[in-house]
Structures are given as C-alpha cells and as structure tokens.
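Written out below as structure tokens is the structure these notes cover.
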Amino acid sequence: MALAFSYGNNSTIVETRQGKVRGYTYNGMSIFKGIPYATAKRFQAPQPVEPWEGVKDATSYGYVCPLLEMEEPKGELFVPHRYWVMDENCQNLNVWTPACDGEKRPVMVWLHGGGYFAGSSIEQVAYEGENMCKYGQVVVVSINHRLNILGYMDVSAFGEEYANSGNAGSDDMVAALQWIHDNIEKFGGDPDNVTLFGQSGGGSKITTLLQTPAADGLFAKGIIMSGIAGMALEDSTGDGEELAIAMMAELGTEDFHDLETIPYARLAEAYLKVKPEFEAKGKYVGGSPHPNAFYKGEPRINGFREETSQIPLLIGTVFGEFSSFGLPLYNKHEMTEEQQEAMICQTIGEEGAKALIPLFREAYPERPISDLLKLDFIFRLPTQEYIKLRSGLNPSTYSYFFNLDMPVDGGSTPWHCADIPYVFHNTELVPVTQEEGVTEVIESQIFEAVMAFAHTGKPDHDGIPHWPASTPEEENTLMIDKNTRLVINHDQELVPLAAKYVGPVFAKMMEETQVQH
C-alpha cells in the first residue's frame, strides 16, 4: 500500500537532462513543482537551463509571470482562484505522475487561460493535476510562460536577437514542450503521446502552436476549451517599433536597451500609459501572437498548416460563457413564458425576438426561452466556423457543448470556466459544482471522454452516446447536461442571428461594465 505522504533524501528523485530533481509522493502520486525548463533575457528567445550539481528541490511552485495590473478579488464563488509570487524568471513547470517507472503513459499538458496577458499554471484551484493523474493514470504537466509585454510585444526592429519577441511567450511554450519530449519518459510518460489541453487563452494557445513550425512533432492531440473567440483573441498585426519608441519617450530614454533592464513595474506603467492612444488609432499594441516567419497566423485567415492538419482535436464551448455574468438580471424560474417573451422583445426588439425565439426553442427545448439572452455567440460562432474548416482536413475533429446549469439562484446558465473542474476531475475542489445525483455523473462523462481521447484520439466511451467526429456538413456535437446526447447542427442558424440581435446589447453592457470599473 502506498504511503499517504513521503519526502526524503532517497525518495522521488528523477534525473533530467539538466540535473536531478526531488519531488514528493502523496496518495500514491509523485509530484514535482517549479522545475525550470528554460531561461531567457527580456524580449529574447528562451535558452536551455544550465545543468546543475546535486539535487534541486521541486516541491514548491515556481514564479508566475508578472501581470500588467493588480488583480481584483472577485468571482471566487464561481471560479475559485489563488495568486502566487510573480517574477520574469517564470519558465517552469509542474508534473504529477502515477510513478517514475519508465512506463509510457499518456501525457496531458495544461495551458492556462487568461488570454495571452494574464493567468498562471496554478491560478485556478481546479488546475490541480493530482486527481487527473490518479483517476486517469496519465502524467499531467502544467506550465508557466511569459505573457503580456514580456511574451507578446514585437521589438524586432531593434535587433536580430529580438526577431521573435512578438511571440516570446509561444517560444517559451515550445521550449517547455521540448523539455517534456526530452525528459517525460523518466517521469513515466510517453513523449510520443502528448495531448495539449487548455481553456480560453489556453485553448487559443493550442491553435497558435498548431501554426508554429517549431512546435511540430512535440504534441499529438489537442483539446480546445472555449479557446476560439475571433476578435477577442485575434493576432497582433503590424510593427511594434512605434509602440516601443513611445514607451521609451514615456520613460525618458532614447536607448532601447534600457527597456531590457528597467524594473518591470515601470515598463508596464509606460505601456499602459501609451496603449489607449495606439489602440484608438488601430495601431499595434501587442498582447497576442504576432504573425511572422515563426508563426503562420490565425488559421481561419491564413489557412491551416499542412504539417499539423491531421492532429486530432476536441473542441467546444459553454452555453453562457461571459454572457452568464451579464445583464439582464431576472429570475427565470419565477417568470411565465409570456413574461419572458415580453422581456426578450424589450431587450432586443420585436424583430430579433421573432427571429430568435423559434430557433432557440428548437435548439434548446429543455430551457426557458429567457436563456436566449444568456446564449454565448462570442466563442460559439467562430468555433462553428473553425470546426467546419478543420473537419474538412481530417476525420478526427470532435465537437462538444457544455450545457449544464449550475446550482446558483435555482439554476444559472454555465459560465466561462465552468467546465474546467469536470475535465480535471476536480469538482470536489469547487463547491459551486455540487448538485446531488448530477455532479458525479457529469464529471465521469467528461473525464472519461478526455481520458479516452488522450489514449486513443477518440473521445468515445461506454458512459456517453456514440460520439462521431464532425464533418464540414455535419457538426456532431456532444451536448453535455442532465440528458447528455448527440445533436447535429443544432444551432447553426441560431448563433449567427444571436450575434446580430443580442450582440449590440451585450456590447453595450460590457462597455458600461468597463466604465463602472
């Protein structure tokens, strides 16, 4: 029987190519935290870590990338968070494994959310890899990398050493994947069976890596969770030279190299000072991947790379995403259908209500029609397009839709990040997921699908209906809720019209929210 906890001089030591690391065992799992996979000068490409003598302690999470602005504690009930020590030296990763025994288990590599400007590998409580490792018998890895102006600010005009500064954060991810390829077998993982999975910005990072030649051969599959959002996560096009010069002027220097050495807080302050004007004029402000010789660019615009076109993908969104947090405020459970119809008409107009209500009833017969106003289109619409294009390239593009109401105010449409605890088998860590007779069933359906996909490239398992891959003509979507089922093209007409009629209302609401903050 495995010890509940073990840590000592002669236990849980793995020899990586850079040197030995010591983790600890807990409930039969071996856990390593904060292992450095690279190092880098500001704005420059990551370099291998210098080998070390002796045994490096790997029992504490490493630094996370500094943020542009101080986080505001809020929304903890819906998405439990935690915050960590920030430093530019953030190229580190964490490993959970059933055993460091040379077995070749599937490897799950988590790419965190927060767009390309925020977040960390441990930001959400649900990111813990222990349960996925234990119940799935897989090796789980989560990584930190450079973000915001450290990871995505093009200063290539100032020297060859900055050639890919506009994608330095992506270069970090490639370095992490290379480290995994070179070392994960020592942790009981299979370097040839690596599945990337990520949510929001983390899902978008997978689409970015598919378009990054340096990542070729370093992963076999991808799970994109609410990661395709069109303009919300679009590429940064243009040249960053003017932006850097403006920041230099704000900092009182004419020497670009000063930007390499000044404290990050001053650099961030200068950026935030000049950014609004550049943004207003449609100029380059960075903060997301930069198409160049190292990165082909967003595939719906630039086309999918042939080299990665056959990689199986599991792609999906959540019913409410950001709309679940928004207006209008109402209690759908206390309203008659006539009252709900009247509210919809008042909110989006009679023309929109007449067009949308019949389509919504057909697509979501189990929902009150007022949920129409919470239906996401920001992620779902570009995801529909992505799946249609991607499925034309290979027979292994799978679609899902998380439709489970959460036990808040009698049943709230699920929000952005709501599916993460189920994927990690971590609902026990997130109180708001708990609903008797429901949580365990949904968690099993989702988790076993993720594990099946990691093992075989297909998400089918006995606990769900048969789940075929999508085609350009048929999006075969696993609708996940209390009546998990397969639906085909269920919202193809609805979502574009929701964007047309609900979109302006949602945009106005978001603008008002920004003003309030």
Side-chain angles (χ1 to χ4, degrees), residues 23 26-27 29-35 37 58-65 67 71 73 75-86 90-97 106-136 138-147 169 172-173 176-177 180 187 189 194-206 222-227 314 316 318 402 414-433 443 446-447 450-451 454:
Y26 184 60
N27 288 337
M29 304 297 108
S30 296
I31 302 169
F32 302 80
K33 298 176 178 178
I35 301 175
Y37 63 80
T59 60
S60 299
Y61 288 121
Y63 293 124
V64 303
C65 185
L67 304 181
E71 288 279 7
E76 292 298 314
L77 179 64
F78 299 92
V79 185
H81 275 57
R82 57 192 172 189
Y83 304 96
W84 203 246
V85 183
M86 298 184 292
C90 62
Q91 292 90 355
N92 60 77
L93 52 78
N94 314 299
V95 180
W96 293 262
T97 178
V107 180
M108 302 291 295
V109 178
W110 176 247
L111 304 178
H112 68 77
Y116 295 88
F117 61 91
S120 78
S121 68
I122 64 167
E123 178 188 27
Q124 292 191 31
V125 172
Y127 290 176
E128 282 292 315
E130 182 189 332
N131 281 345
M132 176 175 278
C133 169
K134 178 168 61 177
Y135 295 113
V138 294
V139 178
V140 182
V141 183
S142 62
I143 69 174
N144 288 309
H145 59 86
R146 283 175 289 178
L147 301 162
D172 284 354
M173 286 184 270
L177 292 176
I180 291 165
F187 293 84
V194 173
T195 298
L196 304 184
F197 69 125
Q199 187 269 349
S200 193
S204 186
K205 291 165 191 172
I206 296 171
I223 302 175
I224 301 171
M225 304 164 57
S226 303
L314 178 57
V318 171
F402 187 76
W415 47 80
H416 198 60
C417 301
D419 50 343
I420 294 174
Y422 302 86
V423 169
F424 273 91
H425 207 296
N426 276 340
T427 58
E428 65 186 57
L429 303 179
V430 182
V432 77
T433 64
E443 183 171 54
I446 293 175
F447 183 75
V450 169
M451 291 299 98

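Distance check, rounded to the nearest 0.5 Å: CD of Gln199 to CG of Leu111 gives 11.5 Å. Here CE of Met132 is found 4.0 Å from CZ of Phe197. Values are rounded to the nearest 0.5 Å. The line from CD1 of Ile206 to CE of Met173 is 10.0 Å long, rounded to the nearest 0.5 Å. Distance check: Met86 CE to Leu67 CG gives 5.0 Å after rounding to the nearest 0.5 Å. Taking OG1 of Thr59 as the reference point, atom OH of Tyr26 lies at 15.0 Å (rounded to 0.5 Å). Here the NE2-OG distance, from His416 to Ser200, works out to 3.0 Å after rounding to the nearest 0.5 Å.
Checking side-chain atoms of Tyr63 against main-chain N and O of Asn144 turns up no donor-acceptor pair under 3.5 Å. No donor-acceptor pair under 3.5 Å is formed between the side chain of Thr427 and the backbone N or O of Thr433. When atom types are taken as modelled, the side chain of Thr97 and the backbone of Phe187 share a donor-acceptor pair closer than 3.5 angstrom. Judged by distance alone, the side chain of Trp84 and the main-chain N or O of Tyr61 form a donor-acceptor pair under 3.5 Å. At distances below 3.5 Å, not a single donor-acceptor pair connects side-chain atoms of Glu123 with backbone N or O atoms of His81. At least one donor-acceptor pair closer than 3.5 Å links the side chain of Lys205 to the backbone N or O of His112. A side-chain donor-acceptor contact under 3.5 Å links Asn94 to the backbone of Gly34. Remark: the backbone N or O of Arg146 is paired with a side-chain donor or acceptor of Asp172 at under 3.5 angstrom.
Using a 4.5 Å cut-off on side-chain heavy atoms (C-beta onward), Phe402 and Val423 make no contact. Looking at heavy atoms from C-beta onward, Asn426 lies out of side-chain contact with Tyr127 at the 4.5 angstrom threshold.
Nearest heavy-atom pair across Glu76 and Tyr83 is OE2-OH, 3.9 Å. Between Val64 and Cys90, the shortest heavy-atom contact is C-CB, 3.8 Å. Smallest separation of non-hydrogen atoms from Ser142 and Trp96: OG-CZ3, 3.6 Å. Minimum heavy-atom separation, Val107 to Gly189: CG2-CA, 3.8 Å. Contact detail for Val430 and Pro80: the closest heavy-atom pair is CG1-CD, 3.9 Å. For the residue pair Ile143 and Ser121, the shortest heavy atom distance occurs at O-CB, 3.4 Å.
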Could you check Leu429 against Phe424 for side chain to side chain contact (heavy atoms under 4.5 Å, CB included), going step by step and ending with a plain yes or no? CA-CA 10 Å; Leu429 303 179; Phe424 273 91; over 6 Å; no

Could you go step by step and tell me if Glu428 and Asn131 meet the side chain to side chain contact (heavy atoms under 4.5 Å, CB included) rule? CA-CA 10 Å; Glu428 65 186 57; Asn131 281 345; 3.5 Å; yes

Check the pair Tyr135 / Met451 against side chain to side chain contact (heavy atoms under 4.5 Å, CB included), numbers first and verdict last. CA-CA 9 Å; Tyr135 295 113; Met451 291 299 98; over 6 Å; no

Pair His145, Tyr37 - check side chain to side chain contact (heavy atoms under 4.5 Å, CB included), show working. CA-CA 10 Å; His145 59 86; Tyr37 63 80; 3.7 Å; yes

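The closest side-chain donor-acceptor pair between Tyr116 and Ser204 falls under 3.5 angstrom.
Aromatic ring pairs are classed by plane angle as parallel below 30°, tilted from 30° to 60° and perpendicular above 60°; the pair His425 and Phe447 is perpendicular.
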